[in-house]
Amino acid sequence: MEPFVRLDALAVPLDRSNVDTDAIIPKQFLKSISRAGFGPNLFDEWRYADCGEPGKPNEGRPLKADFVLNQPRYQGARILLARDNFGCGSSREHAPWALLDYGFRCIIAPSFADIFYNNCFQNGILPVRLPGATVDQLFREVAAAPGARIVVDLPQQTVASPSGAKFAFEIDPFRKDCLIKGLDDIGLTLEHLPAIEAYEARRRGEVPWAFLD
Amino acid sequence: MAPQTLFDKIWNPHVIRTDADGTSLLYIDRHLVHEVTSPQAFDGLRLARRRVRHPEATFAVPDHNVPTRDLDQGIRNPVSRLQVETLEKNCREFGVPLFGLGDIRQGVIHVMAPEQGLTLPGCTVVCGDSHTATHGAFGALAFGIGTSQVEHVLATQTLLQKRPKVMRITVQGSLPAGCTAKDLVLSIIGRIGTAGGTGYAIEFAGAAVAGLSMEGRMTVCNMAIEAGARSGMVAVDDKTIAYLEGRPFAPVGPAWTRAVAAWRQLYSDPGVVFDQELTFQAAEIVPQVSWGTSPEMMAPVNGTVPDPAAEPNPDRRKGMENALHYMGLQAGTPMTAISVDKVFIGSCTNGRIEDLRQAAAIARGRRVAANVKLALVVPGSGLVKQQAEAEGLDRIFIEAGFEWRAPGCSMCLAMNDDVLAAGERCASTSNRNFEGRQGKGGRTHLVSPAMAAAAAVNGHFVDVRTL
Ligand code: SF4
């Protein structure tokens, strides 16, 4: 997992509450054998005028020009500004996979659905909870100035708005540490690699037949 | 030393460390991989730029999606083909040994691995598949895992696990004639229910279990998951060791001698206390037929479809009514009055040589009944198929009107072309009779191989003991 320390990036405002994981990545894409490559189908029904199918090329599909992700000024955004209860619905981990594949590393919203919130951390995405009024201000500032950037500093636990206003956010210290170090469950286990290696060395002597190399 | 259970003797030496909250980091000796639950795991490795930590302890085989005939034409279904090709590509990229299509060893993963001697006593075995419990028949600790855990094992050769409780199920006496390992496990599930083993590792013990062949023990452990337990296991004895000797991946020479000495310790010590103990009498077991849409909905073949009205618990009553509606059955119907449209003999539960012998013994000299549209025999692996052909079992089946197919999961879950049409009724030697398992609207009755063959030649369920 890519470590998350500080992110200075373009933010895109998605002005809807209760965005569910079906909207984030529609069910037909779950047949995929991959966890990469969902980016072009992120928010598929909102982004495209036609219906997306797995395996169907996305280049040249008719875009819905008014959808915020399609606006030229937001191309290359890595921060998603969202409203209440983002990521509700099905527990599919394909939702954070799609957001990550598109390029998002941070989502700022007043609240998140529980499973989605947890899934973000497993995939190196930082979900930031800020009060509704603060998120409102970020929405306004981002809309006011094309090219406006937001700076998210995880060690400091702050979000800086385009105008320079700074807001502190809360995060579980364990989660924070994992994100900064880029550790998912596998990463955490690999922190015990010396213990695993010592175990293997000892077991090779005790039960050599269990080892095939 | 304090007395230990078989489970303790395998779990304890595999714990690398334990957290304050009781989560243990468990070492995994064997990791089995198939095409359906592995692609995202390999993809995760790629994304994180990780390698497979022990490719030589990881073994892959395509089984769920493979066609059981016209193999020379490849896999026609594009989604299936892509999954199998992805497995091949991932194995090449990560150096994982693959028993691919066309390899005589290819077959259902839980048939192939023991056959190759990959499953050894005292080992931990995992696979992204719930029927991994099968391998516990060798005195191993074997259980199914999810795709994110598959990735975890690929990357670390370990798994984070909480210790389950341990239950011993003792089956005393010996199985009556006509009753098989399948009837034994189905009747246990019928008694304790699909949640009866939830949270437990089950050890199957007692004279009736000791009396089973290794194939029979695999059938019993295979269905531990249907009783809600993630693992089932049987102590090591002479049969275990005889089965393993000379298998391609089993140790040889002095290593074999040393291994056998260690394996002989793999039993529950006298006087050890289990979290739960259940005892059954083998003499009471009757050939079983499932009547509903859960493996606990079992009836003896000489019994009748149960009446929901007699069930006091309203939730269970509703469940029974729904099941009977889906299955198109009336309460009170004798099980032997239920006719079948298709018959499936195969799967990781009953696709081994002994299963095919039992079915062939019934099929010999008889004919598949006119009302049976299709009677499929799908060997569990290429080697089972070869062995059966060497014994002439294929001829017996073909002459009786059965179709003799190539190995794979086939109609156990109908991911290939072998499916039930809506409303079709099937006598199946597989392990799950869930709605739609063998095809949308298909009706599955779980039975032993002999009972399936008997249903095929009679067109309806019959008591094999009367044939
Ligand atoms: S035979 Fe059936 S139960 Fe066994 S692994 Fe295949 S699909 Fe799963």
Side-chain angles (χ1 to χ4, degrees), chain A residues 1-3 28-39 53-56 91-94 96-98 100-101 115 118-119 121-125 174 181-213, chain B residues 13-17 25 27 29-30 35-36 38-48 50 53-59 78-79 82-83 85-87 90 97 118 120-124 147-149 151-160 249-252 254-256 258-260 262-263:
Chain A
M1 215 167 76
E2 209 184 313
Q28 66 265 35
F29 299 104
L30 308 193
K31 282 186 214 155
S32 165
I33 50 156
S34 169
R35 82 168 81 184
F38 292 105
E53 286 299 328
K56 170 171 161 181
S91 66
R92 63 189 64 167
E93 203 166 324
H94 303 67
W97 293 346
L100 188 67
D101 194 64
I115 298 175
N118 286 310
N119 279 343
F121 289 104
Q122 288 298 322
N123 290 281
I125 297 172
F174 174 73
K181 291 184 181 157
L183 298 174
D184 48 13
D185 270 359
I186 295 176
L188 285 172
T189 294
L190 288 174
E191 290 224 308
H192 298 295
L193 198 56
I196 298 172
E197 286 171 345
Y199 174 90
E200 284 173 340
R202 177 168 58 78
R203 286 289 279 179
R204 268 177 208 280
E206 292 168 4
V207 289
W209 56 85
F211 294 82
L212 289 170
D213 52 345
Chain B
H14 284 89
V15 173
I16 300 169
R17 61 186 302 278
L25 188 62
Y27 195 75
D29 297 312
R30 297 284 185 273
E35 79 276 21
V36 178
S38 66
Q40 276 95 354
F42 281 111
D43 221 38
L45 291 186
R46 256 191 298 274
L47 278 178
R50 290 184 175 123
R53 182 163 161 72
H54 282 296
E56 80 291 346
T58 312
F59 294 88
V79 180
L82 181 63
Q83 279 199 324
E85 287 172 355
T86 303
L87 181 69
N90 284 330
L118 290 170
L120 296 178
C123 282
T124 46
T147 295
S148 56
Q149 292 176 308
E151 184 181 342
H152 193 280
V153 178
L154 287 172
T156 69
Q157 205 58 33
T158 68
L159 204 55
L160 292 162
F249 289 87
V252 289
W256 168 259
R258 212 179 137 190
V260 169
W263 296 342

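Remember, predicted model here, so these are calculated numbers, not experimental data. Chain naming here is simple, since letters A, B, ... match the order of the sequence lines and numbering starts at 1 in each.
- A 4.5 Å side-chain heavy-atom check between B:P13 and A:R203 finds at least one atom pair inside the cut-off.
- Ion pairing between B:R53 and A:E200 holds under the 4.0 Å rule for side-chain N and carboxylate O.
- Using a 4.5 Å heavy-atom cutoff, the side chains of A:R35 and B:E151 are in contact.
- Looking only at heavy-atom pairs under 4.5 Å with chain A, the residue among B:S38, B:C123, B:P39 that has the most is B:P39.
- The backbone N or O of A:I196 lies less than 3.5 Å from no partner atom in the side chain of B:R17, so there is not a single donor-acceptor pair.
- With respect to chain B, the highest number of heavy-atom pairs below 4.5 Å among A:N123, A:V207, A:L190 belongs to A:L190.
- Of all heavy-atom pairs between B:A48 and A:M1, the closest is CB-N, 4.0 Å.
- Applying the side chain to side chain donor-acceptor pair (under 3.5 Å) test between B:H152 and each of A:T189, A:D184, A:D185 identifies A:T189 as the sole match.
- Of all heavy-atom pairs between A:S34 and B:D43, the closest is OG-OD2, 2.7 Å.
- Heavy atoms of B:H14 lying under 4.5 Å from chain A belong to its backbone as well as its side chain.
- Counting heavy atoms of neighbouring residues, nucleotides and ligands inside a 6.0 Å radius, atom CZ of A:F211 exceeds 12 of them.
- Under the rule for a side-chain contact (heavy atoms from CB on, under 4.5 Å), the partners of B:P251 that lie at least two apart in sequence or sit in another chain are A:W209, B:L120, B:A255, B:W256, B:A259, B:W263.
- When every heavy atom of B:A155 is checked against every heavy atom of A:I186, the shortest pair comes out as CB-CG2, 3.6 Å.
- Here the straight-line distance linking atom CD1 of B:I16 with atom NE2 of A:H192 works out to 10.0 Å at 0.5 Å rounding.
- Taking all atoms of both residues into account, the shortest heavy-atom contact from B:F249 to A:L212 is O-CD2, 4.1 Å.
- Using a 4.5 Å cut-off between heavy atoms, B:T158 touches chain A through its side chain atoms alone.
- With a 4.5 angstrom heavy-atom cutoff, A:L188 does not touch chain B via any of its atoms.
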